[in-house]
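Below is one structure, written out as structure tokens; the observations come after it.
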There are 2 protein chains.
Amino acid sequence: MNRQPAVLGQMVDTMLSRCRAAGLNVTPQRVAIYRALLEATDHPTPEMLYQRVRPTMPSLSLATVYKVLEALAELGVVQEIAVRNDNKRYDGNMERHHHLVCSKCRKTTDLYDADLDAVEPPSSLKGFRAEAVTVQITGLCSACAPPKGKAR
Amino acid sequence: MNRQPAVLGQMVDTMLSRCRAAGLNVTPQRVAIYRALLEATDHPTPEMLYQRVRPTMPSLSLATVYKVLEALAELGVVQEIAVRNDNKRYDGNMERHHHLVCSKCRKTTDLYDADLDAVEPPSSLKGFRAEAVTVQITGLCSACAPPKGKAR
DNA sequence: ATATATGCAAAGCTTTTGCTGAAGA
DNA sequence: TCTTCAGCAAAAGCTTTGCATATAT
């Protein structure tokens with residue numbers, strides 16, 4: 001992410017306050033994994049973070065990396081990118097369309113919208129050859145949205 | 001996808017021509033799985049399609065569903081939605097940003113762009129409560145783009 | 001002291017692979 | 001006939017879980 005060290009420390013501080021606010025312990029593992037993620041530029045997988053942190057923390061286990069990332073995501077200081085990844089999902093629809101993704105039940109719905117179709121990639125993609133633009137809107141679907149205590 | 005039966009048959013025909021053009025056999029499994037996907041409105045997983053087709057084709061195996069979907073995706077009549085799903089990937093970046101996804105090597109790069117940040121969800125989301133809008137641009141990254149025969 | 005988290009090992013799923021017999025062209 | 005494919009079973013990955021010990025507050 002190419003941050004200044006000072007900014008990085010500040011982000012760690014924020015993370016620590018949120019841990020405390022949520023009643024979570026501050027552990028060296030949490031700090032190390034979070035720092036490693038902040039320093040990364042490549043959207044690392046849990047396994048990748050594990051490899052990166054282990055040299056300075058040999059006792060670290062992969063299961064802990066999974067648990068820490070889950071906790072950090074819940075704190076809102078880290079995000080799982082793209083659609084929350086459970087298993088493969090297919091679409092027989094090759095028309096231009098977009099997706100509504102429920103962050104709770106993960107249901108994905110097609111969305112057709114001419115305005116969104118009109119979204120153009122920026123010209124400054126430095127070497128990246130754009131082929132398709134898809135807009136993904138995350139939020140709560142009608143079943144999960146109202147506080148009617150439904151899904152879990 | 002709520003199509004008219006006639007349109008559905010037409011899509012199947014297109015799929016069949018593409019199979020032939022690509023030197024792939026037309027098999028009842030391919031037709032049945034493709035039809036089931038076209039009839040679905042819920043972005044089914046391979047397992048879900050397996051369950052739906054099996055009643056009319058009890059000998060079907062799950063491995064075949066995987067293979068058929070892969071073949072259909074290669075033909076371009078079906079798509080795997082969202083970021084091609086290998087394993088979990090995280091981002092320590094909670095700022096508003098978008099993604100450039102290479103369809104070949106799957107590398108995902110952050111993209112900051114004010115114009116894309118300005119994309120608004122349509123107002124007509126019928127019950128869906130939008131929280132975030134992310135634009136995903138798929139294409140070929142600089143390493144994979146030129147016909148320099150690199151990745152595979 | 002007490003609650004929470006780590007590490008380990010095992011279990012659970014999803015997805016892939018190798019092979020043989022069956023089916024399509 | 002000859003090539004391609006389906007079905008099966010086993011293997012391979014990735015992720016989650018349960019539990020005992022260690023750690024944070």
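Within every chain, numbering begins at 1; the chains are lettered A, B, ... in the order of the sequence lines, protein sequences first and strands thereafter. If you're wondering where the values come from, they're calculated on a predicted model, not measured in any experiment.
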> Please walk me through it: do B/T134 and B/L116 pass side-chain contact (heavy atoms from CB on, under 4.5 Å)?
Replying inline: CA-CA 8 Å; B/T134 305; B/L116 294 182; over 6 Å; no
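- With sequence neighbours left out, the side chain to side chain contact (heavy atoms under 4.5 Å, CB included) criterion links B/A63 to B/S61.
- The side chain to side chain contact (heavy atoms under 4.5 Å, CB included) check on B/D115 picks up B/D113, with sequence neighbours excluded.
- Minimum interatomic distance between B/I33 and B/T64 (heavy atoms only, all atoms of both residues): CD1-O, 4.4 Å.
- When rounded to the nearest whole Å, the span between CG of A/L62 and P of C/dA9 equals 13 Å.
- Phosphate proximity of C/dC8 to A/S61: absent, as no side-chain N or O sits under 4.0 Å from OP1 or OP2.
- Between B/V77 and the options B/L37, B/L16, B/L72, a side-chain contact (heavy atoms from CB on, under 4.5 Å) holds for only B/L72.
- Spacing between atom CE of B/M48 and atom C1' of C/dT15 amounts to 17 Å, rounded to whole angstrom units.
- The OH atom of A/Y34 lies 9.5 Å from the CG atom of A/L75; values are rounded to the nearest 0.5 Å.
- In this structure a side-chain-to-backbone donor-acceptor pair under 3.5 Å is present from A/R30 to A/N25.
- As a whole-Å value, the separation of B/L69 CG from C/dT15 C1' is 12 Å.
- Side-chain contact between B/M15 and B/M11 is absent, with no heavy atoms from C-beta onward closer than 4.5 Å.
- For the side chain to side chain contact (heavy atoms under 4.5 Å, CB included) test, no residue two or more places apart in sequence or in another chain qualifies with A/E74.
- Residue pairs satisfying the salt bridge (Lys or Arg N to Asp or Glu O under 4.0 Å) criterion with at least one member in residues 17-29 of chain A, sequence neighbours excluded, are absent.
- The closest side-chain heavy-atom distance from B/H98 to B/I137 is not below 4.5 Å.
- Here C/dT4 presents its P atom at 14 Å from CD of A/E74, a figure rounded to the nearest Å.
- Rounding to whole angstrom units, CD of residue B/E70 and P of C/dT16 are separated by 6 Å.
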> Going 5' to 3' along nucleotides 20-25 of chain D, which nucleotides have protein heavy atoms under 4.0 Å from the base (write B), which only from the sugar-phosphate (write S), and which from neither (write -)?
Replying inline: ----SS
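- Rounded to whole angstrom, the span from the CG atom of B/L60 across to the P atom of C/dA23 amounts to 15 Å.
- Rounding to the nearest 0.5 angstrom, the gap separating the CG atom in B/L100 from the CZ atom in A/F128 is 4.0 Å.
- A 4.5 Å side-chain heavy-atom check between A/E120 and A/V133 finds every atom pair outside the cut-off.
- One atom, CG of B/L49, and another, P of D/dA6, lie 15 Å apart when rounded to the nearest Å.
- Taking the screw axis at each terminus of the helix from C/dA1-D/dT25 to C/dA25-D/dT1 from five consecutive base pairs, the angle between the two is 40° to within rounding of 10 degrees.
- Distance from the side chain of B/Y66 is smallest to C/dT16 among C/dT16, D/dG7, D/dT16.
- Nearest approach of A/P44 to A/R52, heavy atoms of both residues: CB-NH1, 3.9 Å.
- Position along DNA chain D of the nearest nucleotide to B/T64 versus A/E47 favours B/T64 as the more 5'-ward residue.
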Taking only N/O atoms, report every protein-nucleotides 17-19 of chain C pair under 3.5 Å with atom names and distance.
| from | atom 1 | to | atom 2 | distance (Å) |
| --- | --- | --- | --- | --- |
| C/dG18 | O6 | B/K67 | NZ | 3.2 |

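- In this structure, B/Q29 reaches the D/dG7 phosphate: one of its side-chain N or O atoms is under 4.0 Å from OP1 or OP2.
- Within residues 50-58 of chain A, no residue has any heavy atom under 4.0 Å from DNA chain D.
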